[in-house]
Amino acid sequence: QVQLVESGGGLVQAGGSLTLSCAASGRTFSNYAIGWFRQAPGKEREFVAATTWSGGNLGYADSVKGRFTISRNNAKNTVYLQMNSLKAEDTAVYYCAAGAGSTFVRGYPYWGQGTQVTVSS
């Protein structure tokens with residue numbers, strides 16, 4: 001099937017930057033788009049950004065437009081989320097997921113374990 005492993009989370013000051021990585025594996029991983037989602041304590045998991053392996057930009061959440069950039073390296077089977085100008089409200093567990101490329105959690109059957117991003121102010 002599809003296995004996903006996130007990395008790159010950590011503690012950063014407001015205004016700083018982090019880059020998250022999502023390494024995909026499994027025989028069918030290339031059949032799926034990759035999305036980034038995040039979930040803050042007490043809140044519902046929300047869409048952040050998504051891309052296809054062919055480079056199609058599937059969009060960004062309004063809250064991160066202009067600050068976050070999704071990209072991929074097909075040779076490494078890895079998708080990245082570059083996060084700039086981080087705000088305290090970006091604090092969340094960030095997940096990568098493989099699915100149809102929609103903005104909805106239900107559209108992604110495969111999920112990574114999550115990586116914590118904490119933005120201090």
Side-chain angles (χ1 to χ4, degrees):
Q1 299 283 49
V2 178
Q3 294 82 44
L4 303 169
V5 179
E6 303 100 327
S7 62
L11 176 65
V12 63
Q13 292 184 325
S17 299
L18 278 177
T19 298
L20 306 182
S21 298
C22 174
S25 61
R27 293 184 63 183
T28 63
F29 79 89
S30 61
N31 294 335
Y32 299 90
I34 299 295
W36 285 98
F37 291 77
R38 66 187 184 184
Q39 187 166 23
K43 295 185 178 180
E44 192 170 343
R45 191 168 299 185
E46 65 176 357
F47 173 80
V48 176
T51 189
T52 68
W53 292 105
S54 62
N57 174 20
L58 301 180
Y60 297 87
D62 288 341
S63 59
V64 307
K65 286 180 180 177
R67 299 189 298 121
F68 291 12
T69 302
I70 191 168
S71 62
R72 83 273 183 262
N73 185 327
N74 288 19
K76 298 176 67 174
N77 300 332
T78 300
V79 175
Y80 305 94
L81 184 69
Q82 174 67 47
M83 306 185 295
N84 299 321
S85 302
L86 283 162
K87 306 173 181 179
E89 51 263 44
D90 295 318
T91 295
V93 177
Y94 283 71
Y95 300 88
C96 65
S102 76
T103 62
F104 298 98
V105 168
R106 65 177 180 269
Y108 294 82
Y110 302 103
W111 293 83
Q113 82 288 348
T115 185
Q116 176 71 47
V117 173
T118 302
V119 183
S120 63
S121 59

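Note that this is a predicted model, so its numbers are computed, not measured. Counting from 1, the numbers follow the sequence of the chain as shown.
For the atom pair Asn31 CG and Thr52 OG1, the distance stands at 12.5 Å (nearest 0.5 Å). Within the model, atoms OH of Tyr80 and OG1 of Thr69 stand 14.5 Å from one another, a figure rounded to the nearest 0.5 Å.
Checking side-chain atoms of Glu6 against main-chain N and O of Gln113 turns up a donor-acceptor pair under 3.5 Å. Of the possible polar contacts, one joining the Trp53 side chain to the Tyr32 backbone as a donor-acceptor pair under 3.5 Å is found. Gln13 places no side-chain N or O within donor-acceptor distance of the main-chain N or O of Ser120, the cut-off being under 3.5 Å. A donor-acceptor pair is defined here as one N or O able to donate and one able to accept, closer than 3.5 Å; no such pair exists between the side chain of Thr118 and the backbone of Thr91.
In terms of the ring-ring contact (aromatic ring centres under 6.0 Å, His included) criterion, Tyr94 has no residue partners (sequence neighbours excluded). In terms of the side-chain hydrogen bond (donor to acceptor under 3.5 Å, both in side chains) criterion, residue partners of Gln82 (sequence neighbours excluded) are, by chain and number, Thr19, Asn84. Applying the side-chain hydrogen bond (donor to acceptor under 3.5 Å, both in side chains) test to Ser63 and every residue at least two apart in sequence or in another chain returns Arg38. Shown here are the ring-ring contact (aromatic ring centres under 6.0 Å, His included) partners of Phe68, two or more places apart in sequence or in another chain: there are none.
Across all non-hydrogen atoms, the minimal contact from Gly107 to Ser102 is CA-OG, 4.0 Å. Taking both residues in full, the closest heavy atoms of Leu81 and Ala49 are given as CD1-CB, 4.3 Å, listed atom of the first, atom of the second, then distance. The nearest pair of heavy atoms linking Ala50 to Gly101 is CB-O, 4.4 Å. Among all heavy-atom pairs drawn from Ile34 and Cys22, the shortest one is CG2-SG, 4.3 Å. In this structure, Arg72 and Asn74 approach most closely via the heavy-atom pair CG-OD1, 3.0 Å. Between Trp36 and Ser21, the shortest heavy-atom contact is CH2-O, 3.7 Å.
Here Phe37 sits in one hydrophobic cluster together with Phe47, Val93, Tyr95, Val105, Tyr108, Trp111; the rule is ILVMFWY side chains under 4.5 Å apart, joined directly or through other members.
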Side-chain donor-acceptor contacts of residues 55-62 below 3.5 Å, not counting sequence neighbours, with atom names and distances?
residue, atom, partner, partner atom, Å
Asn57, OD1, Gly59, N, 2.9
Tyr60, OH, Ile70, N, 2.9
Asp62, OD1, Lys65, NZ, 3.0

Inset, instruction - Could you check Leu20 against Met83 for side-chain contact (heavy atoms from CB on, under 4.5 Å), going step by step and ending with a plain yes or no? - result: CA-CA 8 Å; Leu20 306 182; Met83 306 185 295; 3.8 Å; yes

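Annotation for Gln1: atom CD does not count as buried by contact number, only 12 or fewer foreign heavy atoms lying within 6.0 Å.
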